[in-house]
Protein chains: 2
Amino acid sequence: MSINYAILGILSYKSYTGYDIKKIIQDSTFMYWSGNNNQIYKSLIELLDEDLVTSEIQHQESSPSKKIYTITDKGLIKLKNWILSEPSLPEFKNMFLVQMAWSDSLSSEELNELLAKYENDIKTQIIMQKEKRVRDAFKPNRTTREFRLWDLIYDNIISSYENELIWIQKVKRMLISTEGGE
Amino acid sequence: MSINYAILGILSYKSYTGYDIKKIIQDSTFMYWSGNNNQIYKSLIELLDEDLVTSEIQHQESSPSKKIYTITDKGLIKLKNWILSEPSLPEFKNMFLVQMAWSDSLSSEELNELLAKYENDIKTQIIMQKEKRVRDAFKPNRTTREFRLWDLIYDNIISSYENELIWIQKVKRMLISTEGGE
DNA sequence: GGTGTCATGTAAACAGTTACATGATTTT
DNA sequence: AAAATCATGTAACTGTTTACATGACACC
């Protein structure tokens, strides 16, 4: 499971509990998994079985016990090998394109409304992602280079949405400019 | 299942067999499902159960029998309602960003190599997607507007990859310009 | 007194992929 | 002679989501 590498990465930064990891993944845009319990706790069991992480139980008064996971040397090697491995291509899954593919059955008004809704949703996303960039708590910053790498990851996400915005605005222009034409 | 709407859309264009639909989806970039048998044939059974499509068996000499699926009025209504419904946001799933997040553990050379590989893969994709745009067989074109809509879908895919290329080139510049710095 | 956070985990359902199975015809 | 295409379908597995379950504390 690819989420295992995301978790190994997080643990290479610092030791965490499953609950911590869950929150980090849920709050992250680029670590795109939902981060539900089932995924995280199952992953951690797998990583333990493969000796890529160890766990230490920490009892607390008046709070549930924690299991703190720490990456092993074997885990660090596995992580580095994966980082060095062939990158995979981004997956663009956009149900809106499927909707658009058959939207010639709509009237101009209906189609314009649909496009406007999508444009609005994208604009909202851009604002949200820009806020996230400023507010996010989990942002490794051990070296100047690491800080820049993480900054560029935020750039990627924001520019993806901005590119989508430019595209949908082009779509609107192209369809309005030819309305009723031919 | 969202693929059901993609199939309804295809059948709103023309009646097809499961095998035809499978090939259309496999060849399409924006209909992003793998289009394996299990998905298609299961979907078609569901659509039949809900009376959104009907099937007609066509026997052929010296070839396996076909089941030709045709959309019903109920199916057309269901499709139109879905097209008019709230669009969902695009999903950008990019494992490369996760790789990059922890790549400060690499040397400059290793990192540059990783970035170069990704840049190359993206460039290849752009060429492939531009070829697909020209060569694709399945491209509804019943009205000028429909032709334009499909053209804009191709634009979306290509511009997504082009945006990714611009981004990775920026990443290279940003990291090289500060190499060894601070 | 209800909701939210901390912290672990499991059960059931749904979605998706890979591989298997059949059998004829066509292409290399 | 082998591989690919046409055409249907199933089995087994993997991955993902939603919901359930527990229990204490903090906040409103």
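Just so it is clear: chains get the letters A, B, ... in the order the sequence lines come, proteins before strands, and each one is counted from 1. Since this is a predicted model, take the numbers as computed values, not measurements.
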For nucleotides 12-14 of chain C, which of its nitrogen or oxygen atoms have a protein nitrogen or oxygen under 3.5 Å away, and what is each distance?
from	atom 1	to	atom 2	distance (Å)
C/dA12	N6	A/Asn38	ND2	3.4

Practice prompt. Applying side chain to side chain contact (heavy atoms under 4.5 Å, CB included), name anything that partners A/Ser15, two or more places apart in sequence or on another chain.
Written response: A/Ile68, A/Thr70
Worksheet entry | side chain to side chain contact (heavy atoms under 4.5 Å, CB included) involving B/Glu56 - partner list, sequence neighbours excluded | none
Fill in: Rounded distance (Å) that lies between atom C1' of D/dT16 and atom OH of A/Tyr32
12 Å
Fill in: Atom-to-atom span, CD of B/Gln39 to C1' of D/dA12 - whole angstrom
16 Å
Worksheet item: Is A/Tyr154 isolated, or which residues cluster with it under the ILVMFWY side-chain rule of less than 4.5 Å, directly or via members?
Response: none
Practice prompt. Would you mind reading off the distance between B/Lys67 atom NZ and D/dA7 atom P, rounded to a whole angstrom?
Written response: 14 Å
Item to complete: Between B/Lys22 and B/Lys93, name the one whose nearest nucleotide on DNA chain D is closer to the 5' end.
Response: B/Lys22
Discussion item. Measure CG/B/Asn36 against P/D/dT10 and give the value in whole Å, please.
Written reply: 14 Å
Worksheet entry | NZ/NE/NH1/NH2 to OD/OE distance under 4.0 Å, A/Glu50 and A/Lys78 | yes
Item to complete: Round to a whole Å and report the spacing from OH of A/Tyr19 to C1' of D/dC25.
Response: 12 Å
Worksheet entry | A/Tyr118: partners by ring-ring contact (aromatic ring centres under 6.0 Å, His included), with sequence neighbours left out | A/Phe96
Worksheet item: For the rings on A/Trp150 and A/Phe30, is their centre-to-centre separation under 6.0 Å?
Response: yes
Discussion item. Measure OH/B/Tyr16 against P/D/dC6 and give the value in whole Å, please.
Written reply: 14 Å
Worksheet item: Is B/Thr17 near enough to D/dC6 that one of its side-chain N or O atoms lies under 4.0 angstrom from OP1 or OP2?
Response: no
Worksheet, complete the sentence: Nearest-nucleotide check on DNA chain D, B/Lys23 vs A/Ser34; residue mapping nearer the 5' end is B/Lys23
Item to complete: Kindly indicate whether the side chain of B/Asn37 and the base of D/dT8 share any N or O donor-acceptor pair separated by less than 3.5 Å?
Response: yes
Worksheet entry | By salt bridge (charged side-chain N to carboxylate O under 4.0 Å, His left out) - contacts of B/Lys170 (at least two apart) | A/Asp155
Practice prompt. Please state how far atom CD in B/Glu91 lies from atom P in D/dT16, giving the value in whole angstrom units.
Written response: 11 Å
Worksheet item: Whole-Å distance between D/dG15 P and A/Glu46 CD?
Response: 7 Å
